[in-house]
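Beneath this line is the structure, given in structure tokens, with notes to follow.
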Amino acid sequence: MKARELLSQIREALLERIAGSVGRGAPAQQAFSQELQRFYVALERAVETGNPTLLDPALIEWTSSPTLTELQQKKNNVAELLDKIVSITNDVAAENLSEQDALDLLTTVTPIYVYALEKIARLEMETRVTHVSNALTHAQQKLERLDRSKSAFISIAAHELKTPLTLIEGYASMLHDTVTASDRSQIDTLLDGMNQGIRRMRDIIADLIDVSVIDNDLLSLDLQPLQLKYLLSLLGSAFQAALLERHQTLEVADFTGSETWIYADHDRLYQAFCNLVENAIKYTPDHGRISIDGRTLPGFIEVSVTDTGIGISSENQLLIFEKYSQSGPGLHSSGKSKFKGGGPGLGLSITRGIIEAHGGTIWVESAGYDETNLPGSTFHVLIPARNEPVDSGIERLFGKLIRPGSEPDGKQSTQTDSFAA
Ligand code: ADP
């Protein structure tokens, strides 16, 4: 007898057994037995034609409507059901057909079931992957919303803090002007302390505003022709007091590329290098050495800031460029030049934002964190050697720049400027 007829012969017994084994409530069972009927019709046609893909519509329908709870609980509902159908078919065939007929039927129907099981496994996996990736997208959107509102809050708070700070600054200056000469020595110490606090707060507010500007891709650069040699030479005098206080030296080498004219934002680049030198001073013990060197690379100028400080552990070398990342252990004092004087953890994220806005990149190299052996750190900055102005009007004003790599006087990297001791 043909497999198709054998299947029809056991139809009632098989459907009844399957419906009973699912064990749902009466209304659900009725709906389920209708679906089962449809599946069975498709199965009979698949057996008759030898084409298992005729089961596809039923399988797709079964797998396309899992509930959220089922997906969250990772239940393989349809695969489990199909597995049950396979074993019930074996039992019912054995009970209701002769041995030979049961064997004939199962020989035909088994490859179709194998196909259906594979198809179901694939479909269920796809549904689950879609569900997980939707959940991930949802979570990412939520995080982005949170990050945006956090950055909006910081920006508003920073702007709002500027007004009362200006008031305090104004009153401090009025106080300074109204104090008579006899009271001056006493009051000056207090005013100095006050002004120091005000300056520190101004810097923090400016950093907060910079972070939110960078976060929102709103950092606009004012690209002007400059030579790194000149920009870096300003650092010595800017940090002279701190270097003297900490008995540290800052050496700026005269490297190839330092005299190349490039288009960059002078103030922003200066701010970036100030952050690096300030950190080098902070995270290097007294009597340490900070050196700035560089070289030209195809299309870029690399500047490196090296210190003889406490170094950075490898796991923190990426983290420190994230905002609010005060990764250094045991940061105790707060100040711009005190040893390990922690800050708000914004400096490096702003520095990275500035360098990346130029089209460059920044990374750190350090043998690790060690306060005894002082392995030091080197921050590498790659700045594009841009020799074309973004605005052609600038070129009309300043003329065409010398190509990167070539220096006006062809000087080589030997000379060194030293500051403090
Ligand atoms: P802040 O100095 O305000 O904490 P930064 O963003 O400038 O924030 O630096 C983040 C962290 O990176 C610092 O807290 C410190 O742990 C580490 N770090 C930065 N520069 C150095 C350096 N030159 N040597 C050792 N650690 C450093």
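Just so you know, ligand 1 is whichever comes first in the structure, and atom 1 is the first atom listed for that ligand.
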State if [X] counts as touching ligand 1 under the rule of any non-hydrogen atom under 4.0 Å.
{"X": "Phe379", "result": "yes"}
{"X": "Gly309", "result": "no"}
{"X": "Gly376", "result": "no"}
{"X": "Leu346", "result": "yes"}

Query - Tyr40 (side chain) donor-acceptor with Leu7 (main chain) under 3.5 angstrom - result: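 Looks like yes, one N/O pair under 3.5 Å.
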Under a 4.0 Å N-O cut-off, is there an ion pair linking [X] with [Y]?
{"X": "Asp215", "Y": "Arg148", "result": "no"}
{"X": "Lys119", "Y": "Asp56", "result": "yes"}
{"X": "Arg268", "Y": "Asp210", "result": "yes"}

Query raised in the report: So is there a nitrogen or oxygen of Leu348 less than 3.5 Å from a nitrogen or oxygen in ligand 1?
Result: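 N/O-N/O distance under 3.5 Å: yes.
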Query raised in the report: So is Lys282 polar-close to ligand 1, meaning N/O to N/O under 3.5 Å?
Result: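 Looking only at distances, the answer is yes, because the N/O contact criterion of under 3.5 Å is met.
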Query raised in the report: Would Glu371 and Tyr369 count as having a side-chain donor-acceptor pair, cut-off 3.5 Å?
Result: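 A pair is found: one side chain offers a donor N or O, the other an acceptor, under 3.5 Å apart.
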Query raised in the report: Looking just at side-chain N and O atoms, do Asn195 and Asp192 make a donor-acceptor pair shorter than 3.5 Å?
Result: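 Checked: Asn195/Asp192 side chains show no N/O donor-acceptor pair below 3.5 Å.
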Report task. Have a look at ligand 1 and work out which part of Ile312, if any, has a heavy atom under 4.0 Å from it: side chain, backbone, both or neither. Result ->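 Side chain only.
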Report task. Assign the ring pair His247 / His287 to parallel, tilted or perpendicular, where the plane angle (0 to 90°) is split at 30° and 60°. Result ->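 It falls in the parallel class, under 30°.
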Query raised in the report: Which atoms of ligand 1 sit under 4.0 Å from any heavy atom of Gly311?
Result: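 Counting from 1, the qualifying ligand atoms are 25 (C).
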Query raised in the report: Quick one: which of Ile310, Ile350, Asn279 has a heavy atom closest to atom 19 (C) of ligand 1?
Result: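 Comparing heavy atoms across Ile310, Ile350, Asn279, the nearest one to atom 19 (C) of ligand 1 lies in Asn279.
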